[in-house]
Chemist: 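Take a look at this one; I'll ask things after.
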Amino acid sequence: DLEASEQEGREYIIHLDKMAGIRKNKASLAEWAYTSNITEENEVKRIQVQLELSKQEKQAWEETKMYRWQDFQDFSLRRMFKKYSQLGVSALPDEKYKLLMQCVSGMESNYATSKICDYKNATKCDLALEPDITEIFAKSQDPEELKHAWLEWHNTAGSRARNNFTQYVELDNEAAKLNGFKDVAEWWQSEYEVPDFEQQLAKLWEDVKPLYQQLHAYVRKRLRDKYGENIVSAKGPIPAHLLGNMWAQTWNNIESFTRPYPDKKEIDITKAMKDQNYTPLKMFQMSDEFFRSLNLTAMPEKFWNNSIIEKPTDREIVCHASAWDFYDGEDFRIKMCTSVNKEHLRVVHHEMGHIQYYLQYRDKPVIFRAGANPGFHEAVGDTIALSVSSPKHLRRVGLVSGDAEDEQTEINQLYKMGIDKIVFLPFAYTLDLFRYGVFRGTTSADDYNCHYWRLRDALQGVEPPVPRSKDDFDAAAKYHVSADVEYARYYVSFIIQFQFHRALCQLAGEYVPEDLTKKLVDCDIYQSVNAGNALSNMLKMGSSKPWPDAMEALTGQRAMRADGLLEYFRPLHEWLQAENQRTGEFIGWEPSKIQYC
Ligand SMILES: C=C(C[SeH])C(=O)N1CCC[C@H]1C(=O)O
Ligand SMILES: [Zn+2]
């Protein structure tokens, strides 16, 4: 009868979950071995292990299908069966599975090992993305040098991934269909468990776009003042290589010469970190201390022993920062080629947020050891970093000295946060709008580059520094495209982290609406056990409940909404509108005149 079979089902799934944990541990170890030492041998081993494990998954899946779990009474048991009923890429026949793994591995190692030649010394061709090219974008204000680095990187890391990418799209779409989806776009969106996910993304963009357009107009004016109107036009998109970042996804490196009140004391965190002999280890210890101050969990011994936090000199590794769960409840690691600067201080907190989430849900069944949705996992560390980057906290830890805030300093502070958080949204939105079109087949391989730039022109208001052709493939010059990592998670994160931050600040007594002595921009939840406990309760849920339940547990809201972000940046929005009015700057942009289709 139903009772017996539900009890049988429970015993079965508990055993299956234990086996799955062992499989995921093996897969993570093989993946780690390869990405922390990129060699042919380790690539072969990794694919061999993945293939072996996919066979075991397929076998287990055949048995799982036999249970009539849809009729079970227990919500969690039904949810576990539902998740285990989705096989994933292992649904592909062995040969195609292996081919897909080789395509992604090929793109990822091309990205990780790509080097370019120096602008001034054409015989020096060993510049890597981290730290060399990243440093050029952070420091150089020579448009020609920036154009050179941009072009060399896009031609090396992007174009060379094109064949692998085309085959990956075909094979991944086949896997999607074997899992009952129309294509990978539908598969990726199913992770968010809402029927109108794409419409929600569009609505959020409509809410934030006016603020972005004001910020875009202001920055374009400041860049035109600096570089002249032959390089930065009055009404067109902004050339992508002038924004301090290879992908123009964060503009924090141009803050020093574009901030609203330049005569206000410069808060140069990077300089302060260097002056105080910060090391990568100290950055991680600082972050660990912040989480502990909230009564959250300390990093375990294995974390400090097994993590790689500096770029090795004796081998090639995947430098793109990542946080790892080895699904055994004690082995958690970060791999990151850490530089001592303000941007990496934020990335360290971002990665430590992933580890804290792993620690908080480590007693859950393996299948529930994931974010409430992928955006939640990306938002934890950034939410903590919103407190860390407040002037109040930076003074607390001695990275900023002295004076209290005044109106102009506050605008400078909001501007610094805005060129990191607001400008990221159209970048993230376009990256997956582009890939949705690719997976749906509405963008053919011939049109890849044209559609990529048409979206970036229309939504982000940036253009390539030089003409592009259909033989280029600029999208793959971004890690996540070469590494098959979905990106809407970051778009979601940059929205919901302000909902989390606002709720935590209220719980910490740091933010009281309408109380000018308790402003959101000054909030620092450091040492607030009250806030930490609420965060911990949400994180412990993992993916055991639909994400609106997790969102409600922490914020009282059941939807992702832009109101947290818009409230945080309201004073900046008002300032930008007045400033753009004063200078008469054109708001928005006309289509690019650069030939990219
Ligand atoms: C730091 C990570 C690893 Se999950 C990352 O990829 N991030 C963090 C924010 C945006 C995105 C990026 O670098 O493109
Ligand atoms: Zn992340």
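Read the numbers this way: they start at 1 and go in the same order the structure lists the ligands and their atoms. No experiment lies behind these values; they were computed from the predicted model shown.
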Chemist: Output the list of atoms in ligand 1 that are nearer than 4.0 Å to some heavy atom of His480, sorted by atom number.
Modeler: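 Listed by number with element, the hits are 5 (C), 6 (O), 12 (C), 14 (O).
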
Chemist: Near Glu378, which atoms of ligand 1 are under 4.0 Å from a heavy atom of that residue?
Modeler: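 Within the 4.0 Å cut-off of Glu378, ligand 1 contributes 4 (Se).
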
Chemist: Heavy atoms, side chains only, cut-off 4.5 Å: are Pro365 and Phe368 in contact?
Modeler: yes

Chemist: Give the ring-plane orientation class for Tyr487 versus Phe424, where under 30° counts as parallel, over 60° as perpendicular and anything between as tilted.
Modeler: tilted

Chemist: Quick one: look up the protein heavy atom nearest atom 2 (C) of ligand 1 and list residue, atom name and how far away it is.
Modeler: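 Protein heavy atom with the smallest distance to atom 2 (C) of ligand 1: Glu351 OE2, 3.5 Å.
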
Chemist: Between the side chains of Thr297 and Gln360, is a donor N or O closer than 3.5 angstrom to an acceptor N or O?
Modeler: yes

Chemist: With the Zn ion (ligand 2) as the reference point, give the N/O/S atom of Glu378 that is nearest.
Modeler: OE1

Chemist: In terms of side-chain heavy atoms, does Glu378 have a donor or acceptor partner in His354 at a distance below 3.5 Å?
Modeler: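 Distance-only check passes for Glu378 and His354.
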
Chemist: At what distance is the nearest protein heavy atom to atom 7 (N) of ligand 1, and which residue and atom is it?
Modeler: Tyr490 CE2, 3.5 Å

Chemist: Name of the His350 N, O or S atom nearest the Zn ion (ligand 2)?
Modeler: NE2

Chemist: Give a yes/no on ligand 1: does Ala321 have at least one heavy atom closer than 4.0 angstrom to it?
Modeler: yes

Chemist: Looking at His354, which of its N, O or S atoms is the nearest one to the Zn ion (ligand 2)?
Modeler: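 Of the nitrogen, oxygen and sulfur atoms in His354, the Zn ion (ligand 2) lies nearest to NE2.
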
Chemist: Give the contacting part of Tyr487 toward ligand 1: side chain, backbone, both or neither, where contact means a heavy-atom distance below 4.0 Å.
Modeler: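 Side chain only.
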
Chemist: In terms of residue, atom name and distance, what is the protein heavy atom nearest to atom 5 (C) of ligand 1?
Modeler: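 Answer, as residue, atom name and distance: His320 NE2, 3.5 Å.
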
Chemist: State, with a plain yes or no, whether a side-chain heavy atom of Leu151 is found less than 4.5 Å away from one of Arg468.
Modeler: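 When only atoms from C-beta onward are counted, Arg468 and Leu151 do touch, with a gap below 4.5 Å.
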
Chemist: Between the side chains of His320 and Tyr111, is a donor N or O closer than 3.5 angstrom to an acceptor N or O?
Modeler: no

Chemist: Is it possible for you to check whether Arg333 lies under 6.0 Å from the centre of the six-membered ring of Phe326, through NZ or CZ, and within 45° of that ring's axis?
Modeler: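 Judged by the rule, Arg333 and Phe326 form a cation-pi pair.
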
Chemist: Going by the atom numbers of ligand 1, which of them fall below 4.0 Å from some non-hydrogen atom of Lys478?
Modeler: 12 (C), 13 (O), 14 (O)

Chemist: Taking Asp474's backbone N and O only, do any of them form a donor-acceptor pair with Asp472's side chain (distance below 3.5 Å, no angle check)?
Modeler: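 Absent.
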
Chemist: Using a strict 4.0 Å cut-off to heavy atoms of His354, name the atoms of ligand 1 that fall inside it.
Modeler: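 Numbered from 1, ligand 1 contributes 4 (Se).
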
